[in-house]
Amino acid sequence: MEHHLPQHTFGTAPSWDNTFFEEAHQQAPPVSIRLNPLKETQSFDSLARVPWCTRGRYLESRPVFTLDPLFHAGAYYVQEASSMFVAQAFEQHVKKQQALKVLDLCAAPGGKSTLLASLLEQDDLLISNEVIQTRASILVENMTRWGQMNTWVTNNDPKDFGRVAGFFDAILVDAPCSGSGLWRKDPKAIDEWSTENVQLCKERQQRILADVLPALKKEGILIYATCSYSVEENEQIVDWLIRDMGMESLPMQCDPDWGITETLSPEQKGLGYRFYPWKTRGEGFFLAVFKKQEGIVTDSLYHSVSKQKNNQKAELELHQKMRPYLNTDFEIFTHKELIYAINPVHMPYLEPMRNAFYIKKAGTAMGQILKDLVPEHDLAMSVHLSDAVSRIELSHEEALHYLKKESVKTADGYKGWQVATHQGLALGWGKWMPNRMNNYLPKHYRIRMDIP
Ligand code: SAM
């Protein structure tokens with residue numbers, strides 16, 4: 001079915017050109033991925049770089065990503081190139097004095113959260129939040145593949161973040177929007193677009209921002225992004241944030257070769273950055289950066305709760321049992337009989353965060369002790385998985401059968417729990433018996449399509 005672009009809909013957008021806009025929509029969107037710096041392979045060395053993101057790469061054509069074991073291993077995330085500009089905003093404006101606390105408020109499916117995670121150091125903490133439950137589960141899957149211990153996932157409404165006033169050094173609001181910037185990738189969305197919906201989106205964006213801003217500390221950084229071309233959802237929000245919400249607009253340094261359009265808001269109060277597909281190699285995108293001028297700064301979560309040491313001896317023993325699995329410092333806690341490992345510097349946040357939020361994932365889920373450890377998928381995918389853990393390398397074909405949750409025949413000699421790997425990167429657990437293997441890949445991670 002043909003989808004017709006609304007005529008002159010974005011005429012008020014800065015530097016808009018309807019002819020170029022229509023021409024751009026005759027062409028296929030570029031395909032891009034972003035590499036995981038903590039799960040390196042040489043497979044992508046020859047690809048062209050996304051100019052504004054060190055780890056962004058363009059592909060010549062769109063492969064079936066589901067049939068690439070490296071995708072399942074978390075070696076890369078398939079991400080639209082323009083939205084990788086968030087990396088520039090973060091690197092140019094979020095300055096580190098001490099361990100950072102960063103919130104990605106509208107995080108599912110996890111494109112920008114995996115990007116932010118790659119910009120953080122181990123002691124920094126990323127809270128990736130998604131309000132819609134089913135989408136929060138997909139976010140957990142993608143953050144699990146990415147493999148970092150310092151990324152937690154919550155499933156809360158923006159207004160819940162008022163419970164941690166002045167806590168975050170930086171907040172990303174990649175707002176739900178009318179989505180016109182992605183029409184080339186999703187032409188069906190053209191038919192759902194209307195000026196009324198743009199207005200509703202704008203109001204929702206204001207509500208979301210007003211709800212979450214108390215959680216940003218004084219002088220903290222807000223990154224606001226949409227994939228809409230509408231001035232209402234972009235530059236008008238910039239003016240509102242400055243006029244009514246006490247935010248200061250921050251400029252970005254952009255190389256002229258990148259083709260990004262800097263825009264001035266209608267009240268001439270602040271700056272925004274637009275990606276037009278006829279000028280940049282990516283889809284439609286908008287981003288603006290702000291500093292919070294007033295407010296409080298608190299690390300009070302850190303001091304307010306002392307950790308309960310109920311049974312130190314048992315905890316110590318458990319820690320000893322977990323020690324061989326990870327090559328980094330960690331503390332443990334248990335929840336519903338599952339053992340989790342988290343960075344010791346994040347431990348003081350755990351109880352207060354659990355009281356304030358619905359946490360879907362904190363740190364690395366290690367597994368459950370029955371006779372021995374029955375390991376969790378999260379542990380296999382961890383970038384901190386110790387070299388002492390046995391691994392079994394699978395060919396491309398074997399890896400695909402493993403990912404379909406089939407039993408994989410391998411040479412004799414393997415026994416017990418092994419992490420199945422491809423090109424050295426973990427795919428998940430298997431338990432090898434003398435004449436068969438039990439595949440422990442969680443069902444919802446499995447490939448559902450036929451392998452050609
Ligand atoms: N940041 C994501 C990424 O890069 O993968 C994409 C986020 S998408 C543009 C916007 C997200 O906001 C969606 O996951 C949607 O479920 C969520 N959302 C929808 N309504 C919301 C609301 N009222 N408050 C907060 N988030 C909302």
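All ligand and atom numbering here is 1-based and tracks the order in the structure. Numbers here are sequence positions counted from 1. When reading the values below, keep in mind they use all heavy atoms of this one structure, side chains included, and skip hydrogens, waters and symmetry mates.
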Undergrad: CD of E203: more than 12 outside heavy atoms within 6.0 angstrom?
TA: yes
Undergrad: For E130, counting its heavy atoms only, list the atoms of ligand 1 lying under 4.0 Å from any of them.
TA: 11 (C), 13 (C), 14 (O), 15 (C), 16 (O), 17 (C)
Undergrad: Which heavy-atom pair separates A81 from R281 by the least distance, and what is that distance?
TA: CB-O, 3.5 Å
Undergrad: Which residue supplies the protein heavy atom nearest to atom 12 (O) of ligand 1, what is that atom called, and how far is it?
TA: C106 CB, 3.4 Å
Undergrad: Under 3.5 Å, is there a donor-acceptor pair linking the side chains of Q253 and Q92?
TA: no
Undergrad: CZ of R49: more than 12 outside heavy atoms within 6.0 angstrom?
TA: no
Undergrad: Which protein non-hydrogen atom lies closest to atom 18 (N) of ligand 1, naming both residue and atom, and how far is it?
TA: P176 CG, 3.7 Å
Undergrad: Distance alone, cut at 3.5 Å: any donor-acceptor contact between the side chains of T261 and K279?
TA: yes
Undergrad: At less than 4.0 angstrom from any non-hydrogen atom of G110, what atoms of ligand 1 do you find?
TA: 5 (O)
Undergrad: Hey, does F85 have a side-chain heavy atom less than 4.5 Å from the side chain of C53?
TA: no
Undergrad: Which residue from P158, S113, C201 reaches closest to atom 25 (C) of ligand 1 through any of its heavy atoms?
TA: P158
Undergrad: At under 4.0 Å between heavy atoms, which part of A175 makes contact with ligand 1: side chain, backbone, both or neither?
TA: backbone
Undergrad: Would you mind running through ligand 1 and noting each atom that sits below 4.0 Å from a heavy atom of I132?
TA: 16 (O)
Undergrad: What do we get for A107 next to ligand 1 when only non-hydrogen atoms under 4.0 Å count, side chain, backbone, both or neither?
TA: backbone
Undergrad: With a 6.0 Å cut-off on the ring centroids, do F44 and Y76 count as close?
TA: yes
Undergrad: Side chains of D191 and W193: is there a donor and an acceptor less than 3.5 Å apart?
TA: no
Undergrad: At less than 4.0 angstrom from any non-hydrogen atom of I208, what atoms of ligand 1 do you find?
TA: 22 (C), 23 (N), 24 (N), 25 (C)
Undergrad: Which is closest to atom 21 (C) of ligand 1 in terms of heavy atoms, D104, V131, D174?
TA: V131
Undergrad: Starting from atom 2 (C) of ligand 1, locate the nearest protein heavy atom and write down its residue, its atom name and how far away it is, to 0.1 Å.
TA: A108 O, 3.2 Å
Undergrad: Please state which protein non-hydrogen atom is closest to atom 5 (O) of ligand 1 and give its distance, to 0.1 Å?
TA: G111 N, 2.8 Å
Undergrad: Is ligand 1 under 4.0 Å from a heavy atom in the side chain of R135, in the backbone, in both, or in neither?
TA: side chain
Undergrad: With salt bridge (Lys or Arg N to Asp or Glu O under 4.0 Å) as the rule and sequence neighbours excluded, what pairs involving residues 60-85 come up?
TA: none
